[in-house]
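A, B, ... follow the sequence lines: proteins, then strands. Residue 1 opens every chain. Given the structure is predicted, the values throughout are model-derived calculations rather than measurements.
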Amino acid sequence: MLTLASDFGSPYPAAMKGVLRSHGVVDLVDVAHDLPRNDPRAAAFWLRFVLPEFPPGVHLVVVDPGVGTDRAAICVRAGDHALVGPDNGCLLPPARALAASGEEDDGGDAADIEVFAVDDADPRSSTFHGRDVFAPAAARVHEAGVDAIESLDGFARVDGYDDYEIPSAWVEAETAAGEVLVVDDFGNAVTNVPGSFLDGRVGETIAVETAAGVRQVPVVETFADVAKHDPLVTVGSHGYIECDVNQGRGDEAFELAPGRAVTLSFEEAVAAAVPTA
Amino acid sequence: MLTLASDFGSPYPAAMKGVLRSHGVVDLVDVAHDLPRNDPRAAAFWLRFVLPEFPPGVHLVVVDPGVGTDRAAICVRAGDHALVGPDNGCLLPPARALAASGEEDDGGDAADIEVFAVDDADPRSSTFHGRDVFAPAAARVHEAGVDAIESLDGFARVDGYDDYEIPSAWVEAETAAGEVLVVDDFGNAVTNVPGSFLDGRVGETIAVETAAGVRQVPVVETFADVAKHDPLVTVGSHGYIECDVNQGRGDEAFELAPGRAVTLSFEEAVAAAVPTA
Amino acid sequence: MLTLASDFGSPYPAAMKGVLRSHGVVDLVDVAHDLPRNDPRAAAFWLRFVLPEFPPGVHLVVVDPGVGTDRAAICVRAGDHALVGPDNGCLLPPARALAASGEEDDGGDAADIEVFAVDDADPRSSTFHGRDVFAPAAARVHEAGVDAIESLDGFARVDGYDDYEIPSAWVEAETAAGEVLVVDDFGNAVTNVPGSFLDGRVGETIAVETAAGVRQVPVVETFADVAKHDPLVTVGSHGYIECDVNQGRGDEAFELAPGRAVTLSFEEAVAAAVPTA
């Protein structure tokens, strides 16, 4: 199985699929081709969230604002998985998650991540390395198998590569300060504050401070625990705290966007009854 | 074969695909992941239209504004097909169409619809049951086969479940009054007035009354029977009457949106020559 | 393998997939379903760019503003490939590219293009021939094989059919005048001026004259050779010259859209240092 993810929109991903098919890779799965444009950090978040659901495979990931520069092409082995894409840091967070998910299953080592530089000499174009460099490299890894990457011509183990750590929030017992990592298609503003901050607090009111001011918002299990179009704070399916609106857009209600600051505080919360659906 | 439909946008559907692949389901077909958001009725319309084209299979359908509430997870057996999703009514119209299409082929019974409640105890999240409840359930149905649903642990036949009937229009010989069911990507406003109302009337002029007022519009076989950007009324490929504009947007021209009223009348039509393409 | 391309948006393509699956075609690859709406010329450009990456197969292409009129349904054999769609010219540019790509590989003849009219008598609808005419025809070609098209009932070799030639630019040594063919999802304005016009000129400044006036722009290898949000001229991965903005939209910066005129001139360029990234 080979999955594809990019920020290419359409129809460029089809050129990558054609190359992969021409290299004999039949089992293709589209992850997403509308990842936030030119934003390797958002790609890191989404792929860390999504890829661990998949069984072992090769993952082609092309969010590449540096295409045509001297940034390297890399292949990351993470447990039974491999990721192929540009060396801009966004492969490492999902790689760590893939290695850790393997660990749960079969005692693999979470530190079992190896990075290989891929020789991309003489690509056909300077602007479409997804087609000309990464898809052929991913096809070769797929054919050889994840255990045989070191045997591939042009793949060389390296210790120096870009990494990106998803930023940590500042968390105390009653207050947490973080930032928005991504806004999803529903308008949910996903922060970097871990869901554990809300452990045992469902049903309480929390003060959410953003550029829009301070709002008193219920902490709930799920969207439908508030009335339609009402704001809420909950733990998303990725384990982070989200600022949401039931059947509406949290990013607009809270004036949030990727990188913007959010402070969550039970100390500043006004005691109030939480509406029930 | 397992088809996927949702209102999730991107990249959440990839998490469902990963779960399905991890459960061993290889043959995945995306139907659509941009069904109208939080609108089970639109999903019912579109899936009733599209799913009967498919051969027997399992259809995962997640349009779920009630995620995390106590609405049940259900599996509907419809002839040789099964649908899996939340109990909000939207599975039943496509189920009836699937059962009826089987009837045409092999003498099956259109009433051959059975509904099973699926035990979704202890999902990983309260907000992403597509990943945590419905995809695993669909994978189990796919593996067991549609004939073996009752043998699955946690699946129990039920008689009480939400249903949704696509609303009927009021139709007389010369006048019909209905509403818009959906607006498609082309801007065509699909009403609930059955195409039979236009039988033998192609070439005539019809009065279309909407919030935009009364317009005299030709009844045609197809878009290109009027000039580019001209309005028209025709029978869409789903069998309902549409208010359209050739290479333009009917919803804008007629000020139509889902749920808005439309009256179609030959009595109020002004005699006029229909333009020919 | 059968690829699908259309301007249908969503969820209409799923009905085509259902028909293909019901005809026994399992190996489906989506190329794109958001090709520019009602624009066979843009489809011709994109498919000529993308389809030659694929191994031999059948390509279903439905961009069909004339649906329901008497325009024919055709099947084009191009080397080891076949294309199926409406007779509006857009199949021929990709067909020529597919025949030429086969020629490189195995000595086939670039002129080896044959066109067959497909009898589409009595389709179920007048508005959705993708489902009712083209998908079934493509399934039949897929089953019979590209070499056996003439043996298919209802397929007849024809000499008269619509063709479309991608328009040529006027190119001299120091100046080229052309037009925009398409704007891609990144906002890159792809002109019809061949990349060879820029051979050996990387690092120079070129004058770009558009509706926005005359701008002095660097000729670069790739986007990142200019600062973020700066304009540039480069050769795209399709071999044509593009007017782009690094991590921005070239169409907006240069006020360009499909069909608009662009003049590129080294004679009118002001000598200037090209910024380096």
**OP:** Under 4.5 Å heavy-atom distance to chain C, tell me which part of A:D30 shows up: side chain, backbone, both or neither.
**Re:** neither
Subject >> Region of C:D27 in contact with chain A, defined by heavy-atom distances below 4.5 Å >> reply: side chain
Subject >> Side-chain heavy atoms of C:D225 within contact of C:L232, under 4.5 Å >> reply: no
**OP:** Using a cut-off of under 4.5 Å on heavy-atom pairs, state which of A:R124, A:H23, A:R131 scores highest against chain C.
**Re:** A:R131
Original post:
Where does A:F8 contact chain C at under 4.5 Å (heavy atoms): side chain, backbone, both or neither?
Top reply: both
Original post:
So which of A:P11, A:G24, A:S125, A:A135 has the biggest tally of heavy-atom pairs under 4.5 Å with chain C?
Top reply: A:P11
**OP:** Measure centre to centre between the rings of A:H238 and A:F45, then say whether the value is under 6.0 Å.
**Re:** yes
Original post:
Of the backbone (N, CA, C, O) and the side chain (C-beta and beyond), which part of C:V31 lies under 4.5 Å from a heavy atom of chain A, both, or neither?
Top reply: both
Original post:
Side-chain contact, heavy-atom cut-off 4.5 Å: A:L28 with A:R21?
Top reply: yes
Subject >> Donor-acceptor pair, side chain of C:N88 and main chain of C:V63, under 3.5 angstrom >> reply: yes
Subject >> Geometric class of the C:F49/A:F128 ring pair [parallel <30°, tilted 30-60°, perpendicular >60°] >> reply: tilted
